[in-house]
Every structure is written in C-alpha cells, then in structure tokens.
Amino acid sequence: MDLPPRVMDVDDTLTLRAFEGEADLPELFRVIEESLDHLRPWLPWVGEHSLARTTRFLARRAELWASGDEYTYAIVLDGDIVGACGLFRRDETRHEAREIGYWLHPSATGRGVATRAAGALAEQAFLLPGIELVEIVHDAANLASGAVPARLGFTVHERRTFEPVAPLETGEDQVWRLTRDRAAIPPVARSGATGSAGRDRAGIRPAARAAGPGPAVGN
C-alpha cells in the first residue's frame with residue numbers, strides 16, 4: 001500500500017508530522033485544553049474531551065495509518081504543535097475520494113496555517129493511487145472553515161443535513177470538492193471558483209465529530 005510521508009515540511013515555519021503516540025500526549029492535551037472555548041461551538045468531540053480520550057486517540061493513530069483509513073498529522077508551527085489535520089475516509093466515502101479535516105489553537109488562526117496545511121494534504125491525496133477527488137466538509141455557518149477550501153480552489157458541491165450536536169451546529173453541512181483534473185490547474189487560474197462558505201468535517205460528520213481530537217474542521 002502506498003502511504004503518504006510521515007513528515008511534510010510545508011515551508012520554513014510549518015511542518016505536518018504524524019503523531020508519535022504517548023510522546024505527544026502532554027503537548028497535544030495542553031493545546032486542546034487551551035483551545036476548548038475556541039473549538040467547542042463546532043466540534044462535538046470537545047464536549048467529551050479528557051486526558052483518557054486524548055490518550056486513546058493517540059494510541060489508535062498507528063493502526064489507522066497502516067490501514068489507510070486515516071492519516072492524522074500534528075500541525076507544527078515554529079516547532080510547536082498548534083493543531084491537527086488529516087486525510088481520511090468515512091464509511092460512506094466513495095472509494096476514489098478522501099476528506100480533509102483540520103483544527104487550530106486560537107493563537108494560530110488568521111495566519112494561513114489551515115490553508116497551507118489543507119493544501120499540502122490535498123496535494124498528497126492526489127499522489128495516492130486511485131484518488132480522484134478530495135472533499136472538505138464544514139457546518140454551513142462556520143465561515144472561517146469554509147474560507148479554506150475556497151482559497152484552495154475547491155468548488156461548492158452540495159449541502160447535507162445531519163443531527164447537530166455541538167452548540168453552534170446548524171444541522172446542515174457544506175461540502176466542497178476538488179477533483180484531480182481541477183487540481184492540475186494552477187491556483188491563480190482556479191481563483192474564479194467560489195461558493196457560499198458553508199460548515200463541517202473537515203467538520204467531520206459521524207467520523208470526526210465523535211472520534212476525538214482528530215481532524216475535524218474548526219478553524
């Protein structure tokens with residue numbers, strides 16, 4: 001099975017790296033603790049956050065990576081973990097598709113970090129055999145998360161309903177899609193693609209919402 005790199009140096013300040021199990025527990029737990037108020041409105045797993053859940057989350061990363069079901073990365077900015085992102089598939093995801101999710105510590109927002117991280121993941125997705133499209137899904141009211149796929153040339157694909165759990169969830173997801181052929185077009189040429197910013201999984205419906213501190217969309 002072809003697997004993405006475990007470490008991606010996106011630029012001089014930003015690195016995506018696979019989580020390292022218990023070694024990352026103290027720092028990841030602290031980052032989540034400091035981000036709870038920022039993430040709680042959109043991410044259901046925040047309501048069940050605990051040290052035990054974060055420990056279990058990290059313990060499963062190697063298995064999910066090896067299976068190809070989920071590639072989860074620590075977002076490392078200037079040497080410090082500031083969030084998480086991932087490339088994954090849900091049970092209902094089409095075989096040729098993958099989804100991108102991300103969340104950030106509030107100190108890292110507004111600096112293009114989520115956009116750069118998601119862009120790197122999209123590029124890696126199309127290097128995997130058989131992958132023809134990548135999606136970002138977020139609650140229709142989560143405009144900050146919706147700005148990321150818009151900048152990267154994703155186009156609005158559809159809206160889906162779901163049962164809201166987090167405080168500000170509306171019950172409607174905005175689905176953005178980038179196809180392999182469109183990804184081959186230079187970003188400047190794609191910039192005409194927009195769409196109303198919508199909401200979650202990068203806002204992860206069943207998968208990341210309940211899973212734990214993984215790559216659900218909450219920028």
Side-chain angles (χ1 to χ4, degrees), residues 4-20 24 26-43 45-46 49 54 57 71-88 99-125 134-156 166 168 174 176 178 183 186-188 190-191 193-204 208 213-219:
R6 295 184 63 83
V7 178
M8 289 189 277
D9 292 319
V10 180
D11 55 38
D12 291 342
T13 63
L14 182 63
T15 296
L16 308 182
R17 65 162 175 81
F19 280 106
E20 299 173 351
D24 280 327
E27 186 173 11
L28 177 61
F29 184 73
R30 176 186 58 76
V31 170
I32 296 171
E33 287 277 292
E34 294 175 357
S35 305
L36 291 177
D37 289 344
H38 174 64
L39 300 176
R40 184 175 289 110
W42 305 112
L43 302 183
W45 60 260
V46 174
H49 165 67
T54 305
F57 166 81
Y71 306 116
T72 311
Y73 292 87
I75 301 176
V76 181
L77 185 65
D78 295 322
D80 297 320
I81 294 177
V82 296
C85 64
L87 188 64
F88 65 96
E99 192 169 327
I100 290 173
Y102 43 84
W103 63 264
L104 290 174
H105 186 286
S107 68
T109 62
R111 300 162 64 180
V113 175
T115 301
R116 287 179 281 160
L121 290 177
E123 182 177 339
Q124 285 300 320
V134 179
E135 293 182 335
I136 291 178
V137 187
H138 65 85
D139 190 276
N142 189 346
L143 302 185
S145 284
V148 171
R151 293 188 196 104
L152 292 172
F154 284 62
T155 56
V156 172
L168 294 187
Q174 178 71 66
W176 297 76
L178 181 66
V188 172
R190 295 200 308 259
S191 61
T194 62
S196 56
R199 180 272 200 250
D200 160 51
R201 168 89 175 146
I204 277 165
V217 169
N219 186 19

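Index from 1, following the sequence. For clarity, every value in this text was computed on a predicted model and none was experimentally measured.
I136 is not listed as a side-chain neighbour of E99, based on a closest heavy-atom distance of 4.5 Å or more. Between F57 and I32, the closest side-chain pair of non-hydrogen atoms is not below 4.5 Å. Counting only heavy atoms from C-beta outward, the side chains of H49 and L39 never approach each other to under 4.5 Å. You'll find the side chain of V10 stays beyond 4.5 Å of the side chain of T15, heavy atoms only. You'll find the side chain of L178 stays beyond 4.5 Å of the side chain of L152, heavy atoms only. You'll find the side chain of Q124 reaches within 4.5 Å of the side chain of M8, heavy atoms only. Within the 4.5 Å cutoff, the side chain of V113 has no heavy atoms near those of the T13 side chain. Two residues are said to be in side-chain contact when any heavy atoms from C-beta on lie closer than 4.5 Å; I81 and I75 fail this criterion.
The salt bridge (Lys or Arg N to Asp or Glu O under 4.0 Å) contacts involving residues 75-85 comprise nothing, where partners must be two or more places apart or lie in separate chains.
Note that the CG atom of L16 and the OG1 atom of T72 stand 11.5 Å from one another [nearest 0.5 Å]. Atoms CZ and CH2, from R40 and W45 in turn, are 10.5 Å apart once rounded to the nearest 0.5 Å. Atoms CG and CD, from N142 and Q174 in turn, are 11.5 Å apart once rounded to the nearest 0.5 Å.
With a 6.0 Å radius and a threshold of 12 heavy atoms from other residues, nucleotides or ligands, D11 has its CG atom above the threshold.
Listed for the R17 side chain is no donor-acceptor partner under 3.5 Å among the backbone atoms of D9. The backbone N or O of G112 sits less than 3.5 Å from a side-chain atom of R116, completing a donor-acceptor pair.
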>> Test side chain to side chain contact (heavy atoms under 4.5 Å, CB included) on V134 and F154; report intermediate values, then the result.
In response: CA-CA 9 Å; V134 179; F154 284 62; 4.1 Å; yes
> Is there a side chain to side chain contact (heavy atoms under 4.5 Å, CB included) between Y102 and S145 once you walk through the steps?
Replying inline: CA-CA 9 Å; Y102 43 84; S145 284; 4.1 Å; yes
> Checking side chain to side chain contact (heavy atoms under 4.5 Å, CB included) for the pair V76/L14: CA distance, chi angles, key distance, verdict?
Replying inline: CA-CA 6 Å; V76 181; L14 182 63; over 6 Å; no
>> Between W176 and I100, is the side chain to side chain contact (heavy atoms under 4.5 Å, CB included) condition met? List the steps.
In response: CA-CA 10 Å; W176 297 76; I100 290 173; over 6 Å; no
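For L168, the side chain to side chain contact (heavy atoms under 4.5 Å, CB included) partners are P41, W42, not counting sequence neighbours. With sequence neighbours left out, P106 forms a side chain to side chain contact (heavy atoms under 4.5 Å, CB included) with S35, H38.
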